[in-house]
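Working notes, beginning with the structure itself.
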Amino acid sequence: MGSIQALRGTRDILPGEIGYWQQVESIARSILGRAAYQEIRTPLFEQTALFERGIGEATDVVGKEMYTFKDRGDRSVTLRPEGTAGVVRAFIEHGLAAQGGVQRLWYAGPMFRYERPQAGRQRQFHQIGVELLGSPSPRADAEVIAIAADILRTLGLKNLHLNLNSIGSPDDRQHYREALVDYLTPFKNDLDPDSQDRLSRNPLRILDSKDERTQEILQAAPNILERLNPDSKTRFEQVQQLLTNLGISYEINPRLVRGLDYYTHTVFEIQSDDLGAQATVCAGGRYDGLVAQLGGPDTPAVGWAIGLERLILLIQQLQQDISPKVDFYLVSKGEKAEAQALVLANTLRQQGFIVELDLSGSAFGKQFKRADRSGAAACLILGDSEAANETVQLKWLATGAQEAIAQSALTTMTEQLRQQLAH
Ligand code: ATP
Ligand code: MG
């Protein structure tokens, strides 16, 4: 019988890779904490209606990418394809709006979309995202963008571009939609099949088409930025000015629309030159209508999500393995020595050292080979004679220097060991 494998579009994150994930999570967590964002954890599955209403029935996500099934109680349930809808549901359900002022929230975790798997595109993937609820100010837009930029900068990423656009108020968007449909309808038969389909359902999404002929036709299409009402226009200029003040460069891209229905005004994406086709690492925008649309009080909001798989592909191009180095590899042989080694390992761990204990009971030679491979800074050796007089051999693996130390002394010279380990 064949062995069972992970489902297509899902991946195991193995120990060799986990250091990158932990680094991203810890940097994001600390930057978000310093900006006074608080973590929220919402369920991985929700009522299907939440996503239908929140994301929009005409979107690709709802139309063809959701994992939707009936549970045993015959309810329609969907694995979350993104984070915002669940966060907004929780915000409404727990009356977080009533607490007044703004809510700054972040989340991290797996999302599920039935897509064609390829590099940087999976069926279970991970996002870190923020939602700033309760402020209509352009400063809120600039704040969330600055935080994303800070996370990516701190991770050492280069060759990134911030693409910025405004799709205006819902009215602006509606007017633009009509203008775009008027313009495209005469070319309908020349558009790629997906775009033909979108012409009636979700015409703004046609701007995203990768098809060459469609892009040619779009060259002369109406520009959304020329159709914003004066307020929307001023608002967009303010966002740009604030980003300039923050030293964040951007490119305006009037073709940038986001796939989800709920966006208003600012939309943005951060793309990398080093990712090939799946270039967008961070995407977001303002969604002033969503909270009300999901039954909550009128609440302006802005947020983004970073795709972690893509981010980690980039970091792996930059850095070698970053998993923490073992301080001590503990080698022992003989009943008494093995028992003492376990206690010694435990004591050193309590003092904050990273200690790997060899459990094999094999010959010293084999254990030493494993010590070398472990990448440990030093090896601690316990044989029968060390066990008898309660000492231990401390061997620095880089130089081969070795000395005998009383076990009790080793556990009290913590500071000195730390300094030696730091070299
Ligand atoms: P794309 O155009 O690449 O499909 P999207 O517009 O569907 O992206 P969002 O819903 O805005 O993406 O999600 C934000 C980010 O999450 C994306 O920019 C990307 O980095 C990541 N992401 C989205 N879908 C996937 C996926 N299937 N696999 C891996 N990462 C993804
Ligand atoms: Mg997508």
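Whatever order the structure lists ligands and atoms in, that order sets their numbers, starting from 1. By convention here, the first residue in the shown sequence is residue 1.
- Annotation: R121 places an N or O atom under 3.5 Å from an N or O atom of ligand 1; distance criterion only.
- Of all the heavy atoms of Q127, the ones lying under 4.0 Å from any atom of ligand 1 belong exclusively to the side chain.
- Relative to atom 30 (N) of ligand 1, the option among Y263, F125, F112 with the closest non-hydrogen atom is F125.
- With ligand atoms numbered from 1 in the order given, ligand 1 contributes 20 (O) to contacts under 4.0 Å with heavy atoms of V281.
- Taking the charged nitrogens against the carboxylate oxygens, R153 and D150 do have a contact shorter than 4.0 Å, which makes a salt bridge.
- Residue R310 touches ligand 1 through its side chain alone, judged by heavy-atom distances below 4.0 Å.
- Below 3.5 Å of separation, one finds no N or O of R205 facing any N or O of ligand 1.
- Neither the backbone nor the side chain of D208 comes within 4.0 Å of ligand 1, counting heavy atoms alone.
- The shortest N or O to N or O distance between R113 and ligand 1 is below 3.5 Å.
- Taking CZ of R173 as the start and CG of L180 as the end, the distance is 11.5 Å to the nearest 0.5 Å.
- Between W396 and F328, the two ring planes are tilted [angle within 30° to 60°].
- The main-chain N or O of Y107 is never found under 3.5 Å from a side-chain atom of R41 such that the two would form a donor-acceptor pair.
- Between R286 and D141 there is a salt bridge, with a side-chain nitrogen of the basic residue lying less than 4.0 Å from a carboxylate oxygen of the acidic one.
- Rounded to the nearest 0.5 Å, atoms CD (Q419) and CE (M413) are 10.5 Å apart.
- When the shell of 6.0 Å around CZ of R349 is examined, it contains more than 12 heavy atoms from other residues, nucleotides or ligands.
- Under a 4.0 angstrom heavy-atom cut-off, Q278 registers as lying outside contact with ligand 1.
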